[in-house]
Trainee: 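Have a look at the structure that comes next, please.
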Amino acid sequence: MHDLECFYCTKNQDLQNLMIEIAKLKVSTLYLNKDQTHKGRCIIALDKHVTELFYLNKIELLYFMDDVSRAAEIIQTTFKPNKINYAIYGDLVSHLHFHLVPKYEGSLEWGEAFNHSPSDKQILGDAEYRAMVSDLQTNLLQTKTVV
Ligand SMILES: [Zn+2]
């Protein structure tokens, strides 16, 4: 359940260039996406190399969706978006992961699909990332798991 070619499995420099770990959840890991074109954009990746939801047993599926729900809840609490978009693509990186993208009414791409990889990425300073991660970690402690 580990793929040496996959950056979610190896957690190599490619992963660290793209995201910052926020927390380990029950069956997944939550990351802050370094591109903050949509403020609060996160990624949640399953902790084992599985490529499709239907390969999970029902308990794993429940736990994963509960992790996704908790992650979305803390994004909502922390950044107060009008809606959160959930996206699983994986054509190029097949390891199961959701993009969790907060959307703000009247702002960029409201009412449309978000641009997965914008050419003008919003890259922040380390202190800003640290503050966002800290706020998300604090709010995570307020949420509950299913079991
Ligand atoms: Zn993987």
Side-chain angles (χ1 to χ4, degrees), residues 1-105 108-118 121-124 128-147:
M1 290 297 185
H2 191 83
D3 182 338
L4 292 174
E5 303 295 314
C6 169
F7 66 62
Y8 285 113
C9 287
T10 62
K11 300 183 185 297
N12 66 11
Q13 191 62 45
D14 290 342
L15 178 130
Q16 291 168 44
N17 290 343
L18 292 170
M19 59 196 82
I20 301 163
E21 185 174 319
I22 297 166
K24 297 255 187 236
L25 302 179
K26 190 176 288 288
V27 295
S28 61
T29 303
L30 178 63
Y31 299 94
L32 183 70
N33 199 71
K34 283 192 175 176
D35 170 31
Q36 286 289 304
T37 301
H38 294 280
K39 186 175 183 185
R41 180 174 173 178
C42 290
I43 291 170
I44 185 166
L46 193 70
D47 284 335
K48 65 179 184 180
H49 192 89
V50 174
T51 58
E52 303 292 351
L53 289 170
F54 55 77
Y55 290 135
L56 300 176
N57 68 43
K58 297 302 182 199
I59 299 297
E60 291 171 318
L61 186 60
L62 175 65
Y63 285 163
F64 187 38
M65 292 310 296
D66 188 54
D67 284 354
V68 170
S69 178
R70 284 185 76 200
E73 185 177 4
I74 66 165
I75 291 169
Q76 182 66 43
T77 301
T78 307
F79 301 106
K80 313 274 190 293
N82 298 98
K83 184 69 186 79
I84 296 169
N85 290 181
Y86 305 77
I88 296 179
Y89 299 127
D91 298 0
L92 301 179
V93 181
S94 62
H95 185 129
L96 265 181
H97 64 285
F98 273 88
H99 296 271
L100 302 176
V101 182
K103 300 286 279 295
Y104 302 87
E105 198 169 343
L108 180 68
E109 297 169 335
W110 177 253
E112 302 169 16
F114 68 92
N115 182 350
H116 175 266
S117 191
K121 291 180 172 38
Q122 184 73 36
I123 301 299
L124 308 179
E128 289 172 282
Y129 288 133
R130 273 199 300 277
M132 293 174 85
V133 168
S134 174
D135 288 347
L136 288 160
Q137 288 169 335
T138 299
N139 289 329
L140 183 65
L141 298 175
Q142 311 300 316
T143 65
K144 293 186 172 65
T145 60
V146 282
V147 287

Trainee: Between Leu46 and Ser28, what is the shortest heavy-atom contact and its length?
Mentor: CA-CB, 4.0 Å

Trainee: Are Leu25 and Asp66 close enough that some pair of their side-chain heavy atoms sits under 4.5 Å apart?
Mentor: no

Trainee: Could you go through the side chain to side chain contact (heavy atoms under 4.5 Å, CB included) check for Cys42 and Leu136 one step at a time?
Mentor: CA-CA 10 Å; Cys42 290; Leu136 288 160; 4.2 Å; yes

Trainee: Against His38, only a single residue in Glu109, Lys103, Gln122 fulfils side-chain hydrogen bond (donor to acceptor under 3.5 Å, both in side chains); can you say which?
Mentor: Glu109

Trainee: Could you tell me if the ring centre of His49 sits under 6.0 Å from that of His95?
Mentor: yes

Trainee: Are side-chain heavy atoms of Lys83 and Trp110 found at a separation under 4.5 Å?
Mentor: yes

Trainee: Anything under 30° is parallel, anything over 60° is perpendicular, the rest tilted; go ahead and classify Phe64 against Phe98.
Mentor: tilted

Trainee: Between Ile43 and Leu18, is any pair of side-chain heavy atoms under 4.5 Å apart?
Mentor: no

Trainee: If you round to the nearest 0.5 Å, how far is CD1 of Ile123 from CG of Asp35?
Mentor: 5.5 Å

Trainee: To the nearest 0.5 Å, what is the distance between CG on Asp135 and CG on Leu140?
Mentor: 12.5 Å

Trainee: With heavy-atom distances below 4.5 Å as the criterion, would you say the side chains of Glu60 and Val27 are in contact?
Mentor: no

Trainee: Please examine the side chains of Glu73 and Gln76, heavy atoms only from C-beta on, and report whether any two atoms are closer than 4.5 Å.
Mentor: no

Trainee: Would you say that more than 12 heavy atoms from the other residues, nucleotides or ligands in this model lie under 6.0 Å from the CD of Gln13, or not?
Mentor: yes

Trainee: Using the ring of each side chain (for Trp, its six-membered ring), is Tyr31 parallel, tilted or perpendicular to Tyr8, with breaks at 30° and 60°?
Mentor: tilted

Trainee: Within a strict 4.5 Å, meaning less than it, do heavy atoms of the Gln137 and Ile22 side chains meet?
Mentor: yes

Trainee: Tell me if a side-chain donor or acceptor on Asp14 pairs with a main-chain N or O of Phe7 at a distance below 3.5 Å.
Mentor: no

Trainee: I need the minimum non-hydrogen distance between Thr10 and Leu4, along with the two atoms involved.
Mentor: CG2-O, 3.5 Å

Trainee: Has Lys34 got more than 12 heavy atoms of other residues, nucleotides or ligands less than 6.0 Å from its NZ?
Mentor: yes

Trainee: For Tyr104 and Phe79, I'd like to know if the aromatic rings sit close, meaning centre-to-centre distance below 6.0 Å.
Mentor: no

Trainee: Nearest 0.5 Å, please: how far is CE in Met19 from CG in Asn33?
Mentor: 6.0 Å

Trainee: Let me see the working for Thr37 and Asn115 under side chain to side chain contact (heavy atoms under 4.5 Å, CB included), right down to the final yes or no.
Mentor: CA-CA 9 Å; Thr37 301; Asn115 182 350; over 6 Å; no

Trainee: Give me the atom names and distance for the closest heavy-atom approach of Leu100 to Ala72.
Mentor: CD1-N, 4.4 Å

Trainee: Compare all side-chain heavy atoms of Leu96 with those of Tyr55 and state whether any distance is below 4.5 angstrom.
Mentor: no

Trainee: Check whether any side-chain heavy atom of Asn12 sits under 4.5 Å from a side-chain heavy atom of Leu15, and report yes or no.
Mentor: yes

Trainee: Mind listing the closest non-hydrogen atom pair of Pro81 and Pro102 along with its distance?
Mentor: CB-CB, 3.6 Å

Trainee: Whether the side chain of Lys39 engages the backbone of Gln36 through a donor-acceptor N/O pair (distance < 3.5 Å, no angle test) should be reported.
Mentor: no

Trainee: Consider only side-chain N and O atoms of Asn139 and Thr78, and report whether a donor and an acceptor are under 3.5 Å apart.
Mentor: yes

Trainee: Is the backbone N or O of Gly90 less than 3.5 Å from a side-chain atom of Ser94, with the two atoms forming a donor-acceptor pair by type?
Mentor: no

Trainee: When rounded to the nearest 0.5 angstrom, what distance separates CD1 in Ile88 from NE2 in His97?
Mentor: 8.5 Å

Trainee: Specify the closest pair of heavy atoms between Val133 and Ile20, including all atoms of both residues, with the distance to one decimal.
Mentor: CG2-CG2, 4.1 Å

Trainee: Looking at every non-hydrogen atom in both residues, tell me the closest pair between Leu32 and Arg41 and how far apart they are.
Mentor: CD1-O, 3.6 Å

